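The structure presented is a predicted model; accordingly, all values stated were derived computationally and were not measured. All values below were derived from every heavy atom in this structure, side-chain atoms included, with hydrogens, water molecules and symmetry-related copies excluded. Index from 1, following the sequence.
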Amino acid sequence: ENIEVSDAQLALTEGAQVVSQIETPLKNPPTSVPQVVAASRAGWWEVYFADWQNKNDPENYAGTIEETIINKIDATEETIHIASFEFDLTPVAEALIRAHKRGVDVRWVTDDEHGLEVDEEPGHGQFAMLEDAGIEIKDDGRGALMHNKFWIFDREIVWTGSTNITESGIFNQDNNVIVVHSPALAEIYEREFDEMWNGEFGPRSPSTVDQQSIIIDGTPIHVLFASEDEVVSKLVPYLQNAQRSIRFLAFSFTHDDMGQAMRDRYAGGVDVAGVFEKTGSSTEYSELGPMYCAGMTVRRDENPSFLHHKVVIVDDHIVITGSLNFSDNADESNDENVIIVDNADIAALYLQEFDRVWSIASDPEPEKFPCE
């Protein structure tokens, strides 16, 4: 993340966690404190959350996001197209090489600075492994970030969310993955992958936003790509239309329009609460201060690494997630993806994750957030 902290510093985890009792009650606290299930699946979708408290040993990746993605790689028959910011997991590299050797078309678009350049540093070299095996890798070659984290398997399965496929991403941070089984959705992501593969990055790449909505078994899904789709302008109406509640988990939240929309709905009686990553959230650019001073229920994460989510849940049924931090840079300069899913069952899992993160977060220190 090219804001206060870079994604290259971040780390992820996964597994199951038990949520402890929330200390500061929300306006409408949950009736019970649930257990967050690491992986849940209902037919065409899968959801995974990182768990740095219980699964934080990279040498033992059984039951983690790393094992899940390796299994998907090993099951792929024809194509694996990847747009992913960072990479340092050797077992995943080995799985991709196995796929390449059995004839799978494996291609990867990454960031120049945080992808291929970092790969030359000690402890890395996984991209070099892929290239030595004959797998082609391209980077964006520009100052802004190719910050996506999406994988497309056999033009049928889309893997996305906040998770970088890195040791830190899977074993230290708070992160999420959503997997959708849908050839129609895969084609939307394939179109974006092809643009980047052909050198079209950032705000000048073509937008196909009017062709990025589908319905699966009654669930509306909408996809947005930064920066060509002007993503934040299309997220704000979801906030403005909230009738009951907004919950958010944010690595970086500096975008004034999103912050103002949440403050306005709070003033209108909507139950709004969120957790900010601690790093950078006490700066003048963060939306934490204005929200705190407006009387909103906000906290700062206590993960020793990072809260890396970029999640909003609206009215207990709309989930907004993906790679996009809530910042001007992400919206206007980077290559990012956001998926919006209107499904109460999926939202329930993300709300459980919110409750878990909330339960170990801390209230803002008043002295750090003076209000006029």
Side-chain angles (χ1 to χ4, degrees), residues 7-19 34-42 45-76 80 82 84-99 106 108 123-127 129-130 148-153 157-181 249 251 277 301-311 321-323 346 349-350 352-357 359-360:
D7 236 2
Q9 300 170 269
L10 309 180
L12 230 256
T13 335
E14 88 130 354
Q17 292 197 21
V18 176
V19 179
Q35 176 171 318
V36 174
V37 180
S40 295
R41 179 167 180 171
W45 58 264
E46 303 166 56
V47 169
Y48 303 90
F49 296 106
D51 177 12
W52 52 271
Q53 292 171 306
N54 299 304
K55 293 184 181 292
N56 49 29
D57 179 9
E59 299 300 316
N60 178 16
Y61 59 81
T64 71
I65 289 172
E66 182 174 5
E67 181 183 49
T68 300
I69 202 164
I70 288 171
N71 289 342
K72 294 202 182 305
I73 294 167
D74 286 339
T76 303
I80 303 173
I82 307 161
S84 201
F85 180 60
E86 299 176 304
F87 182 45
D88 66 6
L89 294 177
T90 296
V92 176
E94 293 170 342
L96 289 170
I97 292 168
R98 288 195 298 272
V106 180
W108 192 315
H124 293 266
Q126 288 77 18
F127 279 126
M129 290 174 59
L130 300 182
N148 284 300
K149 300 107 171 42
F150 70 78
W151 296 53
I152 316 158
F153 301 95
I157 300 170
V158 174
W159 166 299
T160 188
S162 65
T163 305
N164 290 307
I165 305 304
T166 62
E167 184 174 308
S168 60
I170 292 174
F171 299 97
N172 302 109
Q173 299 167 8
D174 298 303
N175 269 299
N176 71 93
V177 170
I178 183 167
V179 180
V180 178
H181 298 245
L249 299 168
F251 172 74
E277 157 57 30
D301 182 53
E302 290 294 341
N303 183 331
S305 178
F306 295 105
L307 181 156
H308 192 236
H309 289 301
K310 306 94 169 52
V311 169
T321 187
S323 69
I346 294 173
L349 295 171
Y350 278 86
Q352 289 178 11
E353 172 70 355
F354 175 87
D355 291 342
R356 182 194 66 79
V357 174
S359 72
I360 57 175

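Side-chain contact between F127 and D88 is absent, with no heavy atoms from C-beta onward closer than 4.5 Å. V47 is not listed as a side-chain neighbour of V177, based on a closest heavy-atom distance of 4.5 Å or more. Q53 has its side chain within reach of I360: a pair of non-hydrogen atoms, C-beta onward, lies under 4.5 Å apart. Annotation: side chain of D174 is in contact with side chain of D301 (closest heavy-atom distance under 4.5 Å). In this structure, the side chains of F354 and L349 stay at 4.5 Å or more apart for every pair of heavy atoms. Side-chain contact between V180 and I157 is absent, with no heavy-atom pair separated by less than 4.5 Å. The side-chain heavy atoms of M129 and T90, taken from C-beta on, include a pair separated by under 4.5 Å.
Considering OG of S162 and CZ of F306, their distance stands at 13.5 Å, rounded to 0.5 Å. Note that CD of Q126 and CD1 of I165 are 12.5 Å apart. Values are rounded to the nearest 0.5 Å.
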Fill in: side chain to side chain contact (heavy atoms under 4.5 Å, CB included) assessment of E353 paired with N176
CA-CA 9 Å; E353 172 70 355; N176 71 93; over 6 Å; no

Practice prompt. Using the side chain to side chain donor-acceptor pair (under 3.5 Å) rule, take H181 and E46 through it: C-alpha gap first, then chi angles, then the decisive distance, then the call.
Written response: CA-CA 9 Å; H181 298 245; E46 303 166 56; 2.6 Å; yes

Fill in: Intermediate values then yes/no, side chain to side chain contact (heavy atoms under 4.5 Å, CB included), I152 and I80
CA-CA 6 Å; I152 316 158; I80 303 173; over 6 Å; no

Fill in: Stepwise side chain to side chain contact (heavy atoms under 4.5 Å, CB included) test for I69 and F153
CA-CA 10 Å; I69 202 164; F153 301 95; 4.1 Å; yes

Discussion item. Pair Y48, I178 - check side chain to side chain contact (heavy atoms under 4.5 Å, CB included), show working.
Written reply: CA-CA 7 Å; Y48 303 90; I178 183 167; over 6 Å; no

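Of the possible donor and acceptor atoms, none in the side chain of H308 sits under 3.5 Å from a partner among the backbone N and O of F251.
Under the ring pair (Phe, Tyr, Trp, His ring centres under 6.0 Å) test applied with W108, the options F85, F150, W151 reduce to a single match, W151.
Residues that satisfy the ring pair (Phe, Tyr, Trp, His ring centres under 6.0 Å) test with Y350, not counting sequence neighbours, are F49. Partners of N60 according to the side chain to side chain donor-acceptor pair (under 3.5 Å) rule, which considers only residues two or more places apart in sequence or in another chain, do not exist here. With sequence neighbours left out, the side-chain contact (heavy atoms from CB on, under 4.5 Å) criterion links I70 to Y61, E66, D74, P91, V92, A95, R98.
Of all heavy-atom pairs between A62 and K55, the closest is O-NZ, 3.9 Å.
Under 3.5 Å, the side chains of E86 and N164 contain a donor-acceptor pair of N or O atoms.
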